[in-house]
Structures are given as C-alpha cells and as structure tokens.
Amino acid sequence: MRAPSTRCALTAYSLGLNTTPEPGLRDLDYGRWYGSTVGDVVAGDPFGLSAWLTDPDATPHGGESVRELCRRTAQWLSSVPSDAGHVLAVAEPAVIRASLVHAMAAPARAFWHLDVPSSVLSLTSRGGRWSWSTRLGYIAPVQRWPSDVERSPAGGIDRDESLVPL
C-alpha cells in the first residue's frame, strides 16, 4: 500500500511494487499553504509558520494540525491487523514522522525533532509495544512513467509536492 500522492506512486513503481492507494497514509493537509514553497510561507505568514512549528495544535494554514496527523496515523497503524504479517507502506515524510511519534509513545511536540531522510523505516508491533529501525536507501529515478499515475500539465511533479517539509 502507499499514500495517494504522485510521489509515493512513483516511489512504489520505482521499487517494482504493485501497490494501492491508502487514504489513511495521505500527507498532512497544508490548507491554504498547499502548493507553496517554504520561502513563500516564510514571506507571507512568518508568525503562522512559527506557530505551526512550535505548537502541535496550531493550524494557521487552515488545514490539519500536527497532532491531528499524529492521531490519524496512529489510528491507521492500529487498524493493521495483528496477524497481517509484514506490511509494506510507501508514505510521505510527515506520515513517517507521525508513525515514529506513535511508535516511540512520544508527545506530538516531538514531531519536528525527528529527522526522516530518504530511508526505509521498519516498525514492528509486538503485544502493543513498538520497535523501529531505519536504513538509508537510494531510489533510482523513474525511467518510464507508470500508466496509473497522472502527470501534471507541465510534465513535472504535482502540486501536492511543492511545499517542502522542513
């Protein structure tokens, strides 16, 4: 399974995975900041950005708070059946951070303190307790565009990938 974004679809395709979109793995809702660069947000709403980065309940963009994302991600993790065996999910960096917050039983304030470079995150649940490990990885560029992924009109990435997570 994968997040519904183009980025995750292409990552899964590059890895040779046959995946289906999982709405519970969707990226953080950036509200009116959607499609903006971090520079745009800094220039247009510096106090809002500061609040968003320091208060997990802040929603200056009118979208989803970090705490709401953490709750949604925890609900999705809890919905995976305990007898499902290995489950592979290609997810957005914000969802990976939220997964770590849940696995570590950390407060939502820890969200921005977790670094998630391009890597493989392995979460394991045993009796309701989580453990995790990471491996840095490299994903080769897509050589052929998958047929089930729409290209943006300009041929580049979709608008959902314009706001670069900090």
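Below, all heavy atoms of this structure are taken into account, side chains as well, without hydrogens, waters or symmetry copies. Here the structure is a predicted model, which is why all the values come from computation and not from measurement.
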Task: Residue pairs passing the salt bridge (charged side-chain N to carboxylate O under 4.0 Å, His left out) test where at least one lies in residues 41-64, sequence neighbours excluded - done: Asp57-Arg67, Glu64-Arg72

To the nearest 0.5 Å, how far apart are [atom1] in [X] and [atom2] in [Y]?
X: His61; Y: Asp29; atom1: NE2; atom2: CG; value: 7.0 Å
X: Thr54; Y: Trp112; atom1: OG1; atom2: CH2; value: 11.0 Å
X: Arg2; Y: Asn18; atom1: CZ; atom2: CG; value: 9.5 Å
X: Ser36; Y: Tyr30; atom1: OG; atom2: OH; value: 11.5 Å

Could I get the full list of side-chain contact (heavy atoms from CB on, under 4.5 Å) partners for [X], not counting sequence neighbours?
X: Gln75; result: none
X: Pro81; result: Asp83, Ala84
X: Leu88; result: Leu17

Closest non-hydrogen atom pair, [X] against [Y]:
X: Pro107; Y: Val101; value: O-CG1, 3.9 Å
X: Val95; Y: Thr73; value: O-CG2, 3.8 Å
X: Leu25; Y: Ala89; value: CD1-CB, 3.8 Å
X: Pro4; Y: Pro23; value: CG-CA, 4.5 Å
X: Ala91; Y: Ala3; value: CA-CB, 4.3 Å
X: Ala74; Y: His102; value: CB-ND1, 3.3 Å

Check whether any side-chain N or O of [X] sits under 3.5 Å from a backbone N or O of [Y] as a donor-acceptor pair, and report yes or no.
X: Thr59; Y: Gly62; value: no
X: Ser50; Y: Pro46; value: no
X: Arg97; Y: Leu114; value: yes

Open item on the list: Between Arg7 and Glu92, does any NZ, NE, NH1 or NH2 come within less than 4.0 Å of an OD or OE carboxylate oxygen?
Closed with: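 The answer is yes: the pair qualifies as a salt bridge.
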
Heavy atoms, side chains only, cut-off 4.5 Å: are [X] and [Y] in contact?
X: Phe111; Y: Pro56; answer: no
X: Leu77; Y: Ser99; answer: yes
X: Trp76; Y: Met1; answer: yes
X: Cys8; Y: Val90; answer: yes

- [ ] For a side-chain contact (heavy atoms from CB on, under 4.5 Å) with Trp33, tell me which candidate from Asp40, Val38, Leu28, Val41 qualifies.
- [x] Val41

